[in-house]
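Let me begin by presenting the structure, written as C-alpha cells, before commenting on it.
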Amino acid sequence: APEALIKRMYNEYENFWTAERKANAKKTGLSQVEVSILASIVQAETIKEEEAALVASLYINRLKKSMPLQADPTLKFALGDFTIKRILNVHKEIESPYNTYKYAGLTPGPINLPEIWALEAVLNYKPTDFYYMCAKEDFSGYHNFTNSYQEHMNNARRYQKALTIEQRKAAEARQ
C-alpha cells in the first residue's frame with residue numbers, strides 16, 4: 001500500500017538523521033533538506049563515489065560565493081531529458097528554477113532520490129579551493145578539478161574534442 005511506503009521512507013529518513021549527521025549538516029551551513037538537494041546534484045554529476053566529496057566541495061564553494069552552480073544535471077532535469085550528452089547554450093536558456101546557469105543557489109528540490117553515499121559526500125565533503133570541473137576526456141567517469149577558469153576552459157576543450165571524435169566514430173560505425 002502507498003501508505004506503507006511513505007511510512008517506511010519517513011522512518012528511513014528519521015533513522016538516517018543521527019545527531020552526528022545533523023551536526024555535520026550544521027557545519028556545512030546547509031539544512032537537512034538542502035543537504036538532500038545538493039546530494040541529488042552530486043549524485044547526478046558523478047558516477048564515482050570516491051570523487052563525490054570533491055564535487056560536493058566545489059558546489060559548496062560556489063554556494064558560499066553566491067556563484068551559480070552551473071550543474072548540467074539540473075538542466076537535464078529542467079528539460080526532462082537525462083539522455084543529453086552535450087549541454088548547449090540553447091539548453092542554458094530554459095526558464096526554470098532548476099536552471100542553475102540562470103539562477104544562483106540550490107534548486108527548489110532534489111533532482112533525484114539521493115543515495116546514502118551522496119548524502120555522506122555532502123555531509124563529509126573535503127574542503128578544497130575548486131570552483132570548476134569538467135569530465136575527463138578519457139571518458140573514465142572522473143573529472144578534472146581546478147580553481148583556474150583558464151585551466152577549466154582548456155579541460156573543457158579537450159573533453160569537447162574527445163566527445164566530437166567519439167561521436168564521429170559512432171556515426172561511421174552505423175554506416
Side-chain angles (χ1 to χ4, degrees), residues 1-82 84 87 92 94-136 140-149 152 155:
E3 298 83 22
L5 176 63
I6 290 168
K7 186 173 171 36
R8 165 121 193 259
M9 286 174 71
Y10 176 78
N11 288 338
E12 294 290 335
Y13 179 86
E14 287 295 305
N15 291 336
F16 177 81
W17 285 106
T18 61
E20 183 186 356
R21 285 180 174 138
K22 286 177 182 175
N24 283 352
K26 203 174 204 127
K27 275 190 245 172
T28 67
L30 301 172
S31 71
Q32 290 169 219
V33 170
E34 290 170 332
V35 167
S36 295
I37 293 169
L38 185 54
S40 76
I41 296 169
V42 168
Q43 179 173 293
E45 194 69 72
T46 185
I47 57 169
K48 303 294 185 184
E49 290 182 28
E50 63 273 22
E51 189 180 74
L54 292 176
V55 175
S57 175
L58 180 150
Y59 286 136
I60 287 170
N61 290 343
R62 284 179 163 245
L63 288 168
K64 285 179 180 171
K65 281 219 189 277
S66 299
M67 290 173 71
L69 296 183
Q70 297 185 333
D72 291 357
T74 64
L75 280 184
K76 293 174 185 182
F77 179 85
L79 293 160
D81 185 355
F82 282 98
I84 297 169
I87 292 292
K92 296 174 186 175
I94 186 170
E95 187 48 52
S96 169
Y98 286 85
N99 183 343
T100 57
Y101 280 82
K102 267 191 175 184
Y103 301 105
L106 291 169
T107 55
I111 60 169
N112 58 43
L113 194 59
E115 295 179 33
I116 288 175
W117 66 265
L119 292 161
E120 292 288 359
V122 173
L123 291 171
N124 302 296
Y125 76 95
K126 295 177 177 64
T128 67
D129 63 351
F130 298 144
Y131 287 93
Y132 308 98
M133 70 178 169
C134 181
K136 285 194 173 184
S140 62
Y142 288 97
H143 291 81
N144 287 311
F145 294 88
T146 183
N147 63 358
S148 157
Y149 183 72
H152 170 66
N155 292 338

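When reading the values below, keep in mind they use all heavy atoms of this one structure, side chains included, and skip hydrogens, waters and symmetry mates.
- Here the closest non-hydrogen pair linking Glu120 and Phe16 is OE2-CE1, 4.2 Å.
- In this structure a side-chain-to-backbone donor-acceptor pair under 3.5 Å is present from Ser57 to Thr128.
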Could you please spell out the steps behind the side chain to side chain contact (heavy atoms under 4.5 Å, CB included) verdict for Leu63 and Leu69? CA-CA 7 Å; Leu63 288 168; Leu69 296 183; 3.9 Å; yes
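- Rounding to the nearest 0.5 Å gives a distance of 13.0 Å between OH of Tyr13 and CG of Asn11.
- Asp72 contributes atom CG, which lies 9.5 Å from atom CD1 of Ile84 (distance to the nearest 0.5 angstrom).
- Between Lys7 and Glu3, no side-chain nitrogen of the basic residue sits less than 4.0 Å from a carboxylate oxygen of the acidic one, so the salt-bridge criterion is not met.
- Residues passing the side-chain contact (heavy atoms from CB on, under 4.5 Å) test with Lys48 are Thr46, Glu50, Glu51, Tyr142, sequence neighbours excluded.
- For Arg62 against Pro68, the heavy-atom pair with the smallest separation is NH1-O, 2.6 Å.
- Residues Tyr125 and Val55 have side chains not in contact (no heavy-atom distance under 4.5 Å, counting atoms from C-beta outward).
- A donor-acceptor contact closer than 3.5 angstrom is absent between the side chains of Asn61 and Asp129.
- Pairs of residues two or more places apart, or lying in two chains, that qualify as ring-ring contact (aromatic ring centres under 6.0 Å, His included) and include a residue from residues 53-78 are Phe77-Tyr98.
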With a 3.5 Å cut-off and sequence neighbours excluded, list the donor-acceptor pairs that the side chains of residues 103-118 form with protein atoms.
{"from": "Tyr103", "atom 1": "OH", "to": "Glu95", "atom 2": "OE1", "distance (Å)": "3.3"}
{"from": "Tyr103", "atom 1": "OH", "to": "Glu95", "atom 2": "OE2", "distance (Å)": "2.6"}
{"from": "Thr107", "atom 1": "OG1", "to": "Gly109", "atom 2": "O", "distance (Å)": "2.8"}
{"from": "Asn112", "atom 1": "ND2", "to": "Ser40", "atom 2": "O", "distance (Å)": "3.0"}
{"from": "Glu115", "atom 1": "OE1", "to": "Trp117", "atom 2": "NE1", "distance (Å)": "3.2"}

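- Using modelled atom types, one finds no donor on one side chain facing an acceptor on the other under 3.5 Å when comparing Tyr132 with Asn144.
- Taking both residues in full, the closest heavy atoms of Lys22 and Trp17 are given as CE-O, 3.3 Å, listed atom of the first, atom of the second, then distance.
- Residues Ile87 and Lys76 have side chains in contact (heavy-atom distance under 4.5 Å, counting atoms from C-beta outward).
- In terms of modelled atom types and a separation under 3.5 Å, the side chain of Asn99 and the main chain of Lys92 share a donor-acceptor contact.
- In this structure, CG on Asn155 lies 8.5 Å from OG on Ser148, to the nearest 0.5 angstrom.
- The distance from the CD1 atom of Ile47 to the NE2 atom of His143 is 9.0 Å, given to the nearest 0.5 Å.
- A distance of 9.5 Å separates CD of Glu20 from CG of Leu123, quoted to the nearest 0.5 Å.
- The neighbour count for Met9 CE, taken as heavy atoms of other residues, nucleotides or ligands under 6.0 Å away, does not exceed 12.
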